[in-house]
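Below is one structure, written out as structure tokens, with a few remarks after it.
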Protein chains: 2
Amino acid sequence: MSKKKDILKAALQLFTENGERATSTKSIASEAETSEALIFRHFGTKEKLLEEIIKNGYQESTKLISQFLHEENGLEYILKIVEVPRILVHAHPDFWKMQHKIIALNLLSQKHHDFFMKPCYDRLKIAFSELNYENPALEAKLLLIYIDGMWKHFASRQLDSKTETALTALVQQKYRAHN
Amino acid sequence: MSKKKDILKAALQLFTENGERATSTKSIASEAETSEALIFRHFGTKEKLLEEIIKNGYQESTKLISQFLHEENGLEYILKIVEVPRILVHAHPDFWKMQHKIIALNLLSQKHHDFFMKPCYDRLKIAFSELNYENPALEAKLLLIYIDGMWKHFASRQLDSKTETALTALVQQKYRAHN
DNA sequence: GTCTATAATTTGATAGAC
DNA sequence: GTCTATCAAATTATAGAC
């Protein structure tokens with residue numbers, strides 16, 4: 001069991017550096033100080049190894065988010081969802097760094113992310129509706145594009161925590177100021 | 001010369017579908033209806049082939065943008081830069097689709113994009129300063145994150161043109177409404 | 001669970017002819 | 001400029017022993 005975790009850890013690191021395609025099972029085995037054969041015994045294929053990493057990542061992130069996003073009124077929900085990128089990336093920086101690198105090219109990665117984000121769109125439409133925005137659906141779409149840009153930015157660059165907080169607060173301020 | 005263009009076109013298409021790493025020179029040759037050897041005669045390596053595609057893309061995009069973004073006052077510049085994602089992706093959808101897929105993993109792609117975007121940050125700081133925003137540097141950073149999210153969104157999904165226009169107009173409206 | 005050895009393919013790239 | 005033929009290395013995955 002120890003070796004299995006070593007493999008998962010090594011794979012996460014190498015997938016983050018070079019993506020799935022440019023990471024050989026040989027390099028994973030080497031980094032995990034084990035044999036290539038063991039990777040295939042445990043995970044079957046390189047792709048299934050990646051899938052396990054992705055599943056673990058979204059499972060933990062889902063837990064985190066469902067604790068954080070409770071049922072509140074429209075404005076509170078919007079203000080909280082703006083904080084999600086910072087919270088996610090801080091909780092699992094390695095995982096979200098990997099996701100940022102591979103999501104555009106990897107269908108599996110995309111599917112899991114879409115599933116993870118889907119509830120937010122519906123809830124945001126209601127929130128903007130409550131707050132009498134002119135076009136709630138468009139506002140929801142726009143905020144989600146922003147959220148997307150934000151976690152990718154936080155995951156890819158090492159911003160100091162202060163800048164991340166300031167950016168988050170700035171967006172919140174804009175939504176607070178509405179009418 | 002005809003074959004060289006065929007190769008560039010085929011490579012752009014296949015890099016967009018699967019990224020550089022998962023695209024073999026064999027498949028490029030097959031798609032371009034030529035021989036693998038010719039790829040290496042014309043471009044030296046697969047990486048240099050990609051580099052030529054990237055250089056061409058940014059060269060044309062730079063022309064386009066420098067025509068579009070003239071020296072105007074702060075608010076006008078902000079309103080115009082918000083339209084940049086739509087303009088770029090509409091002018092060269094294939095190229096920007098490829099960029100979206102590979103930029104997170106490809107250092108060359110990143111470097112060219114950073115160089116392309118760099119002037120905007122400085123100009124935006126001045127613009128927000130002119131308009132008496134409280135924290136011009138932070139506002140500039142935020143808008144650039146938004147711009148980034150937007151071209152990636154436009155490039156990756158096939159939105160109808162109306163939704164793209166509506167999203168762009170919505171952001172412009174928010175900056176117009178300031179104070 | 002873990003290893004060594006190896007099979008079967010694919011890959012990027014080159015040589016040399018036309 | 002373009003092709004055919006070919007190579008050396010790397011890659012995913014399996015067999016079989018401990």
Side-chain angles (χ1 to χ4, degrees), chain A residues 1-56 98 101-112, chain B residues 1-57 98-99 101-112:
Chain A
M1 265 308 154
S2 156
K3 287 282 179 189
K4 190 173 180 185
K5 282 192 179 168
D6 290 347
I7 292 169
L8 283 166
K9 190 182 164 190
L12 175 57
Q13 185 197 315
L14 292 168
F15 287 156
T16 301
E17 278 168 33
N18 310 311
E20 182 202 354
R21 211 61 190 227
T23 300
S24 64
T25 48
K26 188 177 178 178
S27 70
I28 295 172
S30 166
E31 177 73 28
E33 289 177 312
T34 180
S35 65
E36 266 188 278
L38 198 58
I39 295 175
F40 293 97
R41 287 269 174 230
H42 277 310
F43 303 98
T45 66
K46 190 171 73 164
E47 212 193 340
K48 282 195 215 153
L49 164 58
L50 172 59
E51 186 167 13
E52 185 144 331
I53 294 174
I54 293 175
K55 277 186 179 168
N56 291 347
M98 185 196 79
K101 289 267 191 139
I102 70 172
I103 195 168
L105 271 168
N106 190 287
L107 207 66
L108 210 65
S109 163
Q110 270 167 63
K111 288 256 169 79
H112 279 271
Chain B
M1 266 306 154
S2 154
K3 286 283 180 189
K4 191 173 179 184
K5 282 191 180 170
D6 289 348
I7 292 169
L8 284 166
K9 191 182 164 190
L12 174 57
Q13 185 197 315
L14 290 169
F15 288 157
T16 302
E17 279 170 30
N18 309 311
E20 181 201 355
R21 211 62 192 229
T23 300
S24 65
T25 49
K26 187 176 179 179
S27 71
I28 295 172
S30 166
E31 178 73 28
E33 288 176 314
T34 180
S35 64
E36 262 188 280
L38 198 58
I39 295 175
F40 292 97
R41 287 268 175 232
H42 276 310
F43 303 97
T45 66
K46 189 171 75 166
E47 212 192 341
K48 282 196 216 153
L49 164 58
L50 172 59
E51 186 166 14
E52 185 143 331
I53 294 174
I54 293 175
K55 278 186 180 169
N56 290 348
M98 185 195 78
Q99 270 298 100
K101 289 265 193 144
I102 70 172
I103 195 168
L105 271 168
N106 189 288
L107 207 66
L108 210 65
S109 163
Q110 270 166 61
K111 288 256 169 79
H112 280 269

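Keep in mind it's a predicted model, so treat the numbers as computed, not measured. Naming convention: chains lettered A, B, ... in sequence-line order (proteins, then strands); numbering from 1 in each chain. Values below: every heavy atom of this structure, side chains too, minus hydrogens, waters and symmetry copies.
- Atoms CD1 and CD, from Ile7(B) and Glu31(B) in turn, are 12.0 Å apart once rounded to the nearest 0.5 Å.
- By the 4.5 Å heavy-atom criterion applied to side chains, His42(B) and Glu52(B) are not counted as neighbours.
- Between the CG atom in Leu49(A) and the CG atom in Leu12(A) there is a gap of 9.5 Å [rounded to 0.5 Å].
- Of the possible donor and acceptor atoms, one in the side chain of Lys3(B) sits under 3.5 Å from a partner among the backbone N and O of Glu33(B).
- In this model, no side-chain donor or acceptor of Arg41(B) finds a partner on the base of dG12(C) within 3.5 Å.
- The CG atom of Asp6(A) sits 13 Å away from the P atom of dG1(C) (whole-angstrom rounding).
- Under a 3.5 Å cut-off, the side chain of Lys46(B) and the backbone N or O of Thr25(B) do not form any donor-acceptor pair.
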Distances under 3.5 Å between protein N/O atoms and the N/O atoms of nucleotides 4-11 of chain C, please, pair by pair.
none

Worksheet entry | Watson-Crick and G-U pairing of DNA chain C written in dot-bracket, each distance under 3.5 angstrom, with | for inter-strand partners | ||||||||||||||||||
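- Counting heavy atoms from C-beta outward, Thr23(A) and Glu17(A) have side chains that stay 4.5 Å or more apart.
- Between Asn106(B) atom CG and Lys111(B) atom NZ the span is 10.5 Å, to the nearest 0.5 Å.
- If you take CD of Glu33(A) and P of dC3(C), they are 10 Å apart, rounded to a whole angstrom.
- Here the closest heavy-atom approach between residue Ile102(A) and residue Leu50(A) is recorded as CD1-CD1, 3.9 Å.
- In this entry the distance linking CZ of Phe43(B) with P of dT14(C) reads 15 Å, nearest Å.
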Item to complete: May I have the step-by-step check of side-chain contact (heavy atoms from CB on, under 4.5 Å) for Asp6(B) and Thr34(B), ending in yes or no?
Response: CA-CA 8 Å; Asp6(B) 289 348; Thr34(B) 180; 6.0 Å; no
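- Of all nucleotides listed (dG1(D), dA15(C), dT12(D)), dT12(D) comes nearest to the side chain of Phe40(A).
- A straight line from NZ of Lys3(A) to C1' of dC3(C) spans 10 Å, rounded to a whole angstrom.
- The distance from atom CG of Leu38(A) to atom P of dA15(D) is 16 Å, rounded to the nearest whole Å.
- In this structure, the CD1 atom of Ile39(A) is 12 Å from the P atom of dT2(C), given to the nearest Å.
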